[in-house]
Amino acid sequence: YEGSIHSRARTSQTAQIFRLADIEDTTFGSEGVTPVIGHRQKSLKVSVVIPTFKREQVLLDTIRSLLSLEEPADEIIIVDQTQDHRKATIEQLESWQDNESIIWIKRDKPSTTAAMNQGLIVANNRLVLFVDDDISAKAGLVSNHAKVHEADNDCWVTAGQGIQPW
């Protein structure tokens, strides 16, 4: 979805979404894993996962933009690999976690892939959207991804446009 998110920092801007849904059973054969498709849901719920490392205000701004969406994610999972945050960042993250606006997971050893995997494990929904920790979520970010998966039974992965600002 071109234009649905943009980067405020000098990093690549990507959104990846994976559907763990609609699989009632899995069979293993010589060709590998074959998903068995179950009944369709009317509205897919979405978990947003944000792997983050050494981000302060930009992370808080990203979370605020996701929380303020008219059609927000069902849950926002922050997989935080920062050893020491500023006091204001800790207080805000704790506040959001205490009122169940986010799920805040702390990791000791930084690893993007491990953080993404941990987010997948924790996610309570069948659709998982990965976003960078430096985005400003635009209207429709979450709902448009869900609509693609609701409309296309063959769609298992979507990826956003990677934009390099330099």
Side-chain angles (χ1 to χ4, degrees), residues 1-21 43-150 155 157-166:
Y1 287 95
E2 196 170 304
S4 62
I5 54 178
H6 67 77
S7 178
R8 292 187 301 241
R10 293 191 158 270
T11 61
S12 69
Q13 180 55 61
T14 59
Q16 299 169 328
I17 193 161
F18 295 90
R19 182 170 69 184
L20 302 176
S43 178
L44 291 173
K45 292 183 177 182
V46 179
S47 296
V48 170
V49 175
I50 306 172
T52 187
F53 181 61
K54 294 187 177 181
R55 299 292 190 154
E56 300 291 335
Q57 188 61 49
V58 71
L59 172 63
L60 300 179
D61 292 343
T62 295
I63 297 167
R64 268 190 205 95
S65 74
L66 288 163
L67 291 171
S68 69
L69 290 174
E70 195 169 306
E71 297 176 272
D74 187 56
E75 65 184 359
I76 299 172
I77 302 165
I78 312 303
V79 185
D80 193 350
Q81 305 167 98
T82 305
Q83 295 303 311
D84 296 308
H85 276 295
R86 294 180 190 147
K87 182 179 179 185
T89 303
I90 293 169
E91 288 173 353
Q92 183 61 70
L93 291 169
E94 285 175 343
S95 173
W96 280 327
Q97 180 167 288
D98 290 346
N99 71 21
E100 299 182 359
S101 296
I102 67 168
I103 298 168
W104 184 24
I105 301 165
K106 298 172 202 139
R107 287 186 44 81
D108 292 331
K109 186 176 177 188
S111 167
T112 301
T113 53
M116 292 175 76
N117 286 336
Q118 190 164 9
L120 276 174
I121 291 167
V122 171
N124 291 304
N125 295 301
R126 297 173 176 216
L127 204 52
V128 179
L129 173 63
F130 290 93
V131 297
D132 286 344
D133 57 5
D134 62 351
I135 68 152
S136 177
K138 302 291 185 188
L141 171 67
V142 175
S143 59
N144 286 340
H145 279 285
K147 287 174 187 171
V148 167
H149 289 275
E150 289 171 353
C155 183
V157 176
T158 62
Q161 181 181 17
I163 300 171
Q164 299 296 333
W166 50 87

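All residue numbers in this chain count up from 1 along the given sequence. Just so you know, these numbers come straight off a predicted model, no measurement behind them.
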Check your understanding: Taking the side chain as C-beta and beyond, is there a heavy-atom pair between H85 and L93 under 4.5 Å?
Key -> yes
Study note, to complete from the structure: Hits for side chain to side chain donor-acceptor pair (under 3.5 Å) against E71, two or more places apart or cross-chain, chain-then-number order -> S143
**Study point:** Residues that R64 engages under salt bridge (Lys or Arg N to Asp or Glu O under 4.0 Å), provided they are two or more places apart
**Key:** D61
Practice item. Evaluate the side-chain proximity of Q57 to L60: yes if any heavy-atom separation is below 4.5 Å, no if none is. Key: yes
Practice item. Only counting residues at least two apart or in another chain, list the ones meeting side chain to side chain donor-acceptor pair (under 3.5 Å) with D84. Key: none
Check your understanding: Can you name the closest pair of heavy atoms from V46 and A146 and give their distance?
Key -> CG2-CB, 3.9 Å
Point to revise | Reference residue S47; test side chain to side chain contact (heavy atoms under 4.5 Å, CB included); the match among L129, L127, N125 | key: N125
Point to revise | Q81 side chain to A115 backbone, donor-acceptor under 3.5 Å | key: no
Revision key, fill the gap. dist I135:CD1 -> L66:CG (nearest 0.5 Å) comes out at 5.0 Å
Review point. Hey, are the side chains of L59 and I50 touching, using non-hydrogen atoms and a 4.5 Å cut-off?
Key: yes
Study note, to complete from the structure: Those residues at least two apart in sequence (or on a different chain) that pass side chain to side chain donor-acceptor pair (under 3.5 Å) with N117 are none
Point to revise | I102 side, atom CD1; Q92 side, atom CD - distance, nearest 0.5 Å | key: 8.0 Å
Point to revise | CD-OG1 distance between E56 and T82, expressed to the nearest 0.5 angstrom | key: 6.5 Å
Review point. Please walk me through it: do L141 and H145 pass side-chain contact (heavy atoms from CB on, under 4.5 Å)?
Key: CA-CA 7 Å; L141 171 67; H145 279 285; 4.1 Å; yes
Review point. Can you list every salt bridge (charged side-chain N to carboxylate O under 4.0 Å, His left out) pair that touches residues 107-123, not counting sequence neighbours?
Key: none
Check your understanding: Which residues pass the side chain to side chain donor-acceptor pair (under 3.5 Å) test with W104, sequence neighbours left out?
Key -> D80
Practice item. Output every pair passing salt bridge (charged side-chain N to carboxylate O under 4.0 Å, His left out) with a member in residues 88-103, not counting sequence neighbours, ordered by first then second residue. Key: K87-E91
Review point. With S101, which residues qualify under side-chain contact (heavy atoms from CB on, under 4.5 Å), at least two apart?
Key: L67, W96, N99
Exercise for review: Would you check if the side chain of Q118 reaches a backbone N or O of V79 as a donor-acceptor pair within less than 3.5 Å?
Suggested key: no
Study note, to complete from the structure: dist I63:CD1 -> I78:CD1 (nearest 0.5 Å) comes out at 3.5 Å
Practice item. Please confirm whether the backbone N or O of S136 pairs with a side-chain atom of S65, one donor and one acceptor, at under 3.5 Å? Key: no
